[in-house]
2 protein chains.
Amino acid sequence: MDVDLDETDIEILKRLEKSDDKNLEELSDELGLSKSAIHYRVTNLKQSDVITTISADVDPHALDLSMLLFTEVTVSHESGYAEDVGELLTEIDGVNHVYYMMGDVDFIVISRVQNHDQMHVLIDDIVEIDGVNETSSRFVIQELETGGQLIDNMSEEMVDQVVE
Amino acid sequence: MDVDLDETDIEILKRLEKSDDKNLEELSDELGLSKSAIHYRVTNLKQSDVITTISADVDPHALDLSMLLFTEVTVSHESGYAEDVGELLTEIDGVNHVYYMMGDVDFIVISRVQNHDQMHVLIDDIVEIDGVNETSSRFVIQELETGGQLIDNMSEEMVDQVVE
DNA sequence: AATGAAATCGACCAGCA
DNA sequence: TGCTGGTCGATTTCATT
């Protein structure tokens, strides 16, 4: 299951995380391998689920999704209900991410809506879930860019631990 | 600047958000358009920045990034320092997302690290930033899947508002 | 694991509604 | 402007090392 990656794989992944639009030729030039070799490695990375998907990133603003919302959710009886509540949270319109947390707050929900009304509906939908005890929402004023994705934000040491 | 999308664009985006691996042929079959027409629309969506990038999604676990961390950051003098602090937060190793928030907490930082030691380094890096007053970190036990991306999590009404 | 040649698919062009 | 069909170039695949 666990695949071992070498430096070349990391370099490929770093570039594909940024953009898949760039052709194989750029990669083969930059990494000094044939186009087929790059393709061979990319195929392996996909089949071993290191690369889960190649997908389009859509600008939320193009869909009028201008409000980004963090909501903390606490359930009343943490024992049995938590899993069900989590599942129901993922199904609410506008909800993009649900995280089950350690500590006092049980879930953090990240969602995008287009206006105030939709925000109210969203919060109502959360509160109406059986077992939800308390919610607390906060707005994002601005999303800051970190440059790349996973690998671009890793230190040398972190990368070394994977390659080893 | 603002592009108006029709139902066909939405259907294309919904599919490309899921996976770009699927052929043009699949899309043209499913939507009843020629391959060229699909290509024409996808090109437009890219050029108008509705599709920002086509990129690979990498499994964090393949990179040993098993710890996912939410950190709330409060700055001491919110007036002038906030922008600089935000910028510096994005540059810290392991940090993937930085959000500037409304309310009492100034920033929410989402990061991934491989182990306890890296977590300590990360939090130290945050605290050492000039102007940072207080931090509070929480761990994610589990990330729940919401199915798709943006469009898949939108209601009919939300989509209608975009298509208009 | 990597290569080069052969089959397949996507990008682009001119024209058309 | 949005679409079609066809051509060319790029990518994927496969046999071979």
Side-chain angles (χ1 to χ4, degrees), chain A residues 1-59 61-64 149 151 159-160 162-164, chain B residues 1-59 62-64 149 151 159-164:
Chain A
M1 186 70 212
D2 257 15
V3 195
D4 31 35
L5 309 168
D6 61 13
E7 298 84 351
T8 308
D9 290 320
I10 296 288
E11 290 303 316
I12 292 174
L13 286 174
K14 189 190 288 185
R15 284 164 175 80
L16 292 185
E17 266 197 311
K18 272 231 170 64
S19 165
D20 186 60
D21 273 358
K22 306 187 174 175
N23 29 11
L24 288 186
E25 227 168 273
E26 266 186 68
L27 291 180
S28 62
D29 285 351
E30 289 178 29
L31 304 181
L33 279 173
S34 72
K35 287 194 274 186
S36 311
I38 301 283
H39 182 263
Y40 170 77
R41 280 170 176 268
V42 172
T43 304
N44 278 354
L45 290 169
K46 284 179 187 167
Q47 283 185 345
S48 58
D49 279 326
V50 175
I51 294 176
T52 51
T53 50
I54 305 283
S55 65
D57 300 319
V58 177
D59 180 10
H61 293 290
L63 301 169
D64 262 338
Q149 295 292 315
I151 296 179
V159 172
D160 286 345
V162 181
V163 175
E164 60 188 340
Chain B
M1 184 72 210
D2 257 16
V3 195
D4 31 36
L5 310 168
D6 61 12
E7 297 85 351
T8 308
D9 290 319
I10 295 288
E11 289 303 314
I12 292 174
L13 286 173
K14 190 191 287 186
R15 285 164 174 79
L16 292 185
E17 266 197 311
K18 271 232 169 67
S19 164
D20 187 58
D21 274 356
K22 303 188 174 177
N23 299 348
L24 285 189
E25 230 168 88
E26 266 186 70
L27 291 180
S28 62
D29 284 352
E30 287 179 29
L31 304 181
L33 280 172
S34 72
K35 285 194 279 185
S36 313
I38 302 284
H39 182 262
Y40 171 77
R41 280 171 176 268
V42 171
T43 304
N44 279 353
L45 289 169
K46 284 179 186 168
Q47 282 185 344
S48 58
D49 279 324
V50 174
I51 295 176
T52 51
T53 50
I54 305 284
S55 66
D57 301 318
V58 176
D59 180 11
L63 301 169
D64 262 336
Q149 295 292 314
I151 296 180
V159 172
D160 285 346
Q161 176 164 327
V162 181
V163 174
E164 63 188 340

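For the numbers below, each heavy atom of this structure counts, side chains included, while hydrogens, waters and symmetry mates do not. Chain naming here is simple, since letters A, B, ... match the order of the sequence lines and numbering starts at 1 in each.
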In whole Å, what is the span from the [atom1] atom of [X] to the [atom2] atom of [N]?
| X | N | atom1 | atom2 | result |
| --- | --- | --- | --- | --- |
| A:D6 | C:dA1 | CG | C1' | 10 Å |
| A:E25 | D:dG9 | CD | P | 13 Å |
| A:D9 | C:dA1 | CG | P | 10 Å |
| B:N23 | D:dT11 | CG | P | 15 Å |
| A:L27 | D:dA10 | CG | P | 15 Å |
| B:D20 | C:dA11 | CG | C1' | 14 Å |
| B:L16 | C:dG10 | CG | P | 12 Å |
| B:K35 | C:dC13 | NZ | P | 18 Å |

Test salt bridge (Lys or Arg N to Asp or Glu O under 4.0 Å) applied to B:D6 and B:R41, step by step: CA-CA 11 Å; B:D6 61 12; B:R41 280 171 176 268; 3.0 Å; yes
Can any side-chain N or O of B:E17 pair as donor or acceptor with the backbone N or O of B:I151 at less than 3.5 Å?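 Looks like yes, one N/O pair under 3.5 Å.
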Backbone of B:D57 reached by a side-chain donor or acceptor of A:T52 within 3.5 Å: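 Flag set: sc A:T52 to bb B:D57 pair under 3.5 Å.
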Beyond-backbone contact of A:V58 with B:V50, side-chain heavy atoms, under 4.5 angstrom: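 In contact.
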Less than 4.0 angstrom between a side-chain N/O of [X] and OP1 or OP2 of [N], yes or no?
| X | N | result |
| --- | --- | --- |
| A:Y40 | C:dA1 | yes |
| B:S34 | D:dT4 | yes |
| B:H39 | C:dG10 | no |
| B:R41 | D:dC3 | yes |

Working for side-chain contact (heavy atoms from CB on, under 4.5 Å), residues B:K46 and B:I54: CA-CA 9 Å; B:K46 284 179 186 168; B:I54 305 284; 4.0 Å; yes
Start at the 5' end of DNA chain C and walk down; is the nucleotide closest to A:A37 or to B:T43 reached first?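 Between the two, 5'-proximity favours A:A37.
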Going through the distances and angles, do A:R15 and A:E26 end up as a salt bridge (Lys or Arg N to Asp or Glu O under 4.0 Å)? CA-CA 10 Å; A:R15 284 164 175 80; A:E26 266 186 68; over 6 Å; no
When you measure from the side chain of B:L24, which nucleotide among C:dT3, D:dC3, C:dA11 comes out closest?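 So the nucleotide nearest the side chain must be C:dA11.
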Under 4.0 Å between any heavy atoms, over every strand shown, what does A:N44 touch: base, sugar-phosphate, or nothing? Just pick one.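 Answer is nothing: A:N44 stays at 4.0 Å or more from every strand.
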Given axes from five pairs at either end, by how many degrees does the helix from C:dA1-D:dT17 to C:dA17-D:dT1 bend, rounded to 10°?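 Between the axes fitted at each end of the helix from C:dA1-D:dT17 to C:dA17-D:dT1 lies an angle of 40°.
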Please determine whether salt bridge (Lys or Arg N to Asp or Glu O under 4.0 Å) holds for the pair B:D9 and B:K14, giving the CA-CA distance in whole Å, both sets of side-chain angles, and the decisive distance to 0.1 Å. CA-CA 8 Å; B:D9 290 319; B:K14 190 191 287 186; over 6 Å; no
